[in-house]
Protein chains: 2
Amino acid sequence: MSSDTRAKMVAGAADLMSRRGVNATSMREVVRHTGTPRGSIGHHFPRGKQQLIEDALVFAGKQVSGPLQHLTETRGAVAGLRAFIALWRGTLERTEFQAGCSVLAVAVEQYVNDATEKDSEPDEAAQQHLLDLADGIFADWQRIMFTALRREGVAPARARRLAALVIASTEGTVAMCRAARSAQPLDDVRQELELVLSSALAK
Amino acid sequence: MSSDTRAKMVAGAADLMSRRGVNATSMREVVRHTGTPRGSIGHHFPRGKQQLIEDALVFAGKQVSGPLQHLTETRGAVAGLRAFIALWRGTLERTEFQAGCSVLAVAVEQYVNDATEKDSEPDEAAQQHLLDLADGIFADWQRIMFTALRREGVAPARARRLAALVIASTEGTVAMCRAARSAQPLDDVRQELELVLSSALAK
DNA sequence: GGCTGGCTATGTCAAGCGTCATATTCTACA
DNA sequence: TGTAGAATATGACGCTTGACATAGCCAGCC
């Protein structure tokens with residue numbers, strides 16, 4: 001099957017991006033890492049690395065939003081928060097704190113493509129597109145948490161702020177855990193976030 | 001003065017790192033961007049790019065911890081939180097949401113040096129050192145907030161958790177603001193964090 | 001069988017990278 | 001004033017990168 005190769009490339013790119021970031025992830029390393037043929041890149045990704053990154057991003061986004069959506073719908077906002085954090089904790093510990101969030105990597109870095117030429121600007125449009133994609137994924141996660149809070153009676157504005165707090169603090173904490181090679185910050189933040197959410201729900 | 005050139009290189013590297021990330025920041029671009037002589041790199045940074053990054057990191061760390069420490073000491077934890085967030089908001093808006101936090105960039109990326117050879121491992125020790133540095137800076141900011149909370153009567157364990165929440169959520173929010181090209185998440189998160197802190201202080 | 005079209009394999013290319021070596025200029029002190 | 005040492009300028013080297021071109025493979029269908 002052909003799309004098997006393509007899927008492996010996308011997953012491998014997402015994995016490498018979450019470990020090394022966007023610019024440190026080369027297409028050659030993706031194929032090395034996944035055992036996929038180098039020559040197939042041009043076939044599956046005619047727009048090159050930019051396209052690979054885009055696909056890897058939405059892949060990574062769905063990997064999170066899937067479980068998150070399911071759990072908030074079946075067991076509520078607090079359970080969703082716990083699952084969200086547990087999911088990142090799992091990623092961190094499974095990889096010995098080497099992998100983080102590839103969406104955050106895109107939001108923090110600036111993708112620069114070497115093989116672009118002579119126009120005045122490097123590739124501002126491409127970078128904007130990646131940022132739009134990352135923004136959309138963050139917004140997606142936030143919307144899931146927002147909906148769960150609304151369903152449990154939290155006022156719209158408050159729900160928006162709380163959802164932003166949950167997503168942002170978790171993302172930041174994952175990066176800090178990577179630096180500290182410890183999951184302790186995640187536990188600390190989870191504890192405080194649970195307090196905040198349950199107190200907002202009790203009102 | 002010689003150290004003037006050196007200081008400009010460090011500041012320029014910190015700025016570029018906060019915009020593009022570690023790997024997308026080349027030494028050639030640092031000297032281009034700062035108008036400093038390329039040949040001086042070897043003089044001021046005998047250990048090369050690794051050393052430049054390290055110096056830029058502690059430079060960026062101090063730029064934040066200075067004001068943060070001063071404000072928490074003179075006006076308390078909540079004022080410190082407001083200043084911390086206002087500081088990042090200023091950076092975001094001044095650069096049209098192009099610059100973020102260079103410490104976060106180090107925590108999210110993996111620095112890979114091209115010009116290393118033939119040993120089995122690339123440069124694991126160098127990367128670990130950068131992570132240690134970033135971890136130390138995060139811990140520094142956290143300690144300042146922790147101390148302020150303690151001074152205002154918050155129990156040690158709680159103060160540690162709250163400090164972690166403040167730093168992590170702010171870092172995450174800054175990255176999200178970059179992706180969204182909007183400071184709205186920062187406002188949302190600031191509002192919720194103020195609620196949390198003041199309620200913890202009221203106890 | 002033969003052919004066609006989706007894949008794969010491999011090599012080349014220009015450009016950028018960090019580092020090093022060398023040459024030149026500047027500067028401060030004897 | 002003379003001179004040593006710091007600072008700067010410049011070019012070369014080996015390497016990797018993304019992109020592209022060419023050629024080989026191997027199904028499925030006439």
Side-chain angles (χ1 to χ4, degrees), chain A residues 1-10 12-13 16-17 20-56 109-123 125-127 130, chain B residues 1-10 12-13 16-17 20-56 109-123 125-127 130:
Chain A
M1 207 39 152
S2 82
S3 57
D4 187 48
T5 290
R6 213 196 114 104
K8 275 206 279 188
M9 285 176 169
V10 170
L16 280 177
M17 280 164 56
R20 309 166 174 263
V22 184
N23 288 301
T25 297
S26 75
M27 310 190 71
R28 284 167 147 94
E29 197 156 11
V30 169
V31 306
R32 212 177 302 142
H33 189 259
T34 55
T36 46
R38 178 160 79 91
S40 312
I41 290 177
H43 243 274
H44 295 301
F45 307 93
R47 284 187 8 260
K49 187 178 181 180
Q50 169 88 20
Q51 189 177 3
L52 215 203
I53 296 172
E54 291 168 8
D55 287 11
E109 290 185 60
Q110 174 168 132
Y111 169 51
V112 291
N113 192 342
D114 309 325
T116 45
E117 308 96 36
K118 55 214 68 161
D119 6 300
S120 53
E121 286 300 320
D123 45 6
Q127 164 69 3
L130 284 184
Chain B
M1 206 41 152
S2 83
S3 57
D4 187 49
T5 288
R6 213 195 114 101
K8 274 206 279 187
M9 285 176 168
V10 171
L16 280 177
M17 281 165 56
R20 308 166 174 265
V22 185
N23 289 301
T25 298
S26 74
M27 310 193 70
R28 285 168 149 92
E29 196 157 11
V30 169
V31 305
R32 211 178 303 143
H33 189 259
T34 55
T36 45
R38 180 160 79 91
S40 311
I41 292 177
H43 243 275
H44 296 300
F45 308 94
R47 281 185 13 257
K49 187 178 181 179
Q50 169 88 20
Q51 188 177 3
L52 214 204
I53 296 172
E54 292 169 9
D55 287 11
E109 289 184 59
Q110 174 169 131
Y111 169 52
V112 291
N113 192 342
D114 308 326
T116 45
E117 308 96 35
K118 56 217 64 163
D119 5 301
S120 52
E121 284 302 318
D123 44 8
Q127 164 70 3
L130 284 184

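First the proteins, then the strands, lettered A, B, ... as listed; each starts at 1.
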Test your reading of the model: is there a side-chain donor-acceptor pair from B/K8 to the backbone of B/V31, 3.5 Å cut-off?
no

Could you give the distance from OG (B/S40) to CE (B/M9), rounded to the nearest 0.5 Å?
5.0 Å

Among [options], which nucleotide has an atom closest to any side-chain atom of [X]?
{"X": "A/H44", "options": "D/dT8, C/dT8, C/dT19", "answer": "C/dT8"}
{"X": "B/S40", "options": "D/dA19, D/dT8, C/dT8", "answer": "D/dT8"}
{"X": "B/R32", "options": "C/dC17, D/dA7, D/dG18", "answer": "C/dC17"}

Taking atom [atom2] of [N] as reference, at what distance in whole Å does atom [atom1] of [X] sit?
{"X": "B/R38", "N": "C/dA21", "atom1": "CZ", "atom2": "P", "answer": "15 Å"}
{"X": "B/R47", "N": "C/dG18", "atom1": "CZ", "atom2": "C1'", "answer": "15 Å"}
{"X": "B/I41", "N": "D/dT10", "atom1": "CD1", "atom2": "C1'", "answer": "13 Å"}
{"X": "A/K8", "N": "C/dC7", "atom1": "NZ", "atom2": "P", "answer": "15 Å"}
{"X": "A/Y111", "N": "D/dG18", "atom1": "OH", "atom2": "P", "answer": "7 Å"}
{"X": "A/K49", "N": "D/dC20", "atom1": "NZ", "atom2": "P", "answer": "15 Å"}
{"X": "B/M9", "N": "D/dA7", "atom1": "CE", "atom2": "P", "answer": "11 Å"}
{"X": "B/L16", "N": "C/dG16", "atom1": "CG", "atom2": "P", "answer": "16 Å"}

Which heavy atom of A/A24 sits nearest to which heavy atom of A/E29, and what is that distance?
O-OE1, 4.1 Å

Is the phosphate of D/dA7, meaning OP1 or OP2, less than 4.0 Å from a side-chain N or O of B/T5?
no

Looking only at side-chain N and O atoms, does B/S26 come under 4.0 Å of OP1 or OP2 in C/dG16?
no

Side-chain donor/acceptor contact of B/R28 with base of C/dG16 under 3.5 Å:
no

Please evaluate the base of D/dA6 for a donor-acceptor partner in the side chain of B/H43 within a cut-off of under 3.5 Å?
no

Apply side-chain contact (heavy atoms from CB on, under 4.5 Å) to residues A/Q50 and A/F45 and explain how you reach the verdict.
CA-CA 9 Å; A/Q50 169 88 20; A/F45 307 93; over 6 Å; no

So B/R20 and A/E109, side-chain contact (heavy atoms from CB on, under 4.5 Å) or not? Walk me through it.
CA-CA 5 Å; B/R20 308 166 174 265; A/E109 290 185 60; over 6 Å; no

